[in-house]
Colleague: 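What follows is a structure written as structure tokens; I'll ask about it next.
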Amino acid sequence: MRTYMIVITSVIVAFAANVALDMLTDIPMLLRWVLAIAANLVVTYVLSTIANRRQRSINSDQTK
């Protein structure tokens, strides 16, 4: 998985989380963005972990 795909997905998740929180709740904007960024960090971590595992798997297959 390319790095730019992780970044694009993370940005879309942050924006979507902010929009969803805006439409569904009446919490202040600063708190909405804090929650959206937290969701963004979780998604980025998960995608980075998956990408690293895939890369290690590819590298180990090439050395055999």
Colleague: Do the side-chain N and O atoms of N40 and T44 include a donor-acceptor pair separated by under 3.5 angstrom?
Modeller: yes

Colleague: Can you give me the closest heavy-atom contact between A14 and A36, atom names plus distance?
Modeller: O-CB, 3.4 Å

Colleague: About how many Å separate CZ of R53 and OG1 of T49, when rounded to the nearest 0.5 Å?
Modeller: 6.5 Å

Colleague: In the single-linkage hydrophobic clustering (I, L, V, M, F, W, Y; side-chain heavy atoms under 4.5 Å), do V13 and I6 co-cluster?
Modeller: yes

Colleague: Going by the rule side chain to side chain contact (heavy atoms under 4.5 Å, CB included), which residues pair with I12 if we only count those two or more places apart in sequence or in a different chain?
Modeller: I8

Colleague: Check whether any side-chain N or O of S60 sits under 3.5 Å from a backbone N or O of S57 as a donor-acceptor pair, and report yes or no.
Modeller: yes

Colleague: State which residues pass side chain to side chain contact (heavy atoms under 4.5 Å, CB included) with M29; sequence neighbours excluded, sorted by chain then number.
Modeller: R32, W33

Colleague: If you round to the nearest 0.5 Å, how far is CG of L47 from OG1 of T3?
Modeller: 11.5 Å

Colleague: Please check: side-chain N/O of D22 versus main-chain N/O of N18, any donor-acceptor pairing under 3.5 Å?
Modeller: no

Colleague: I want to check something: taking the side chain as every heavy atom from C-beta on, are L21 and L31 in contact at a cut-off of under 4.5 Å?
Modeller: no

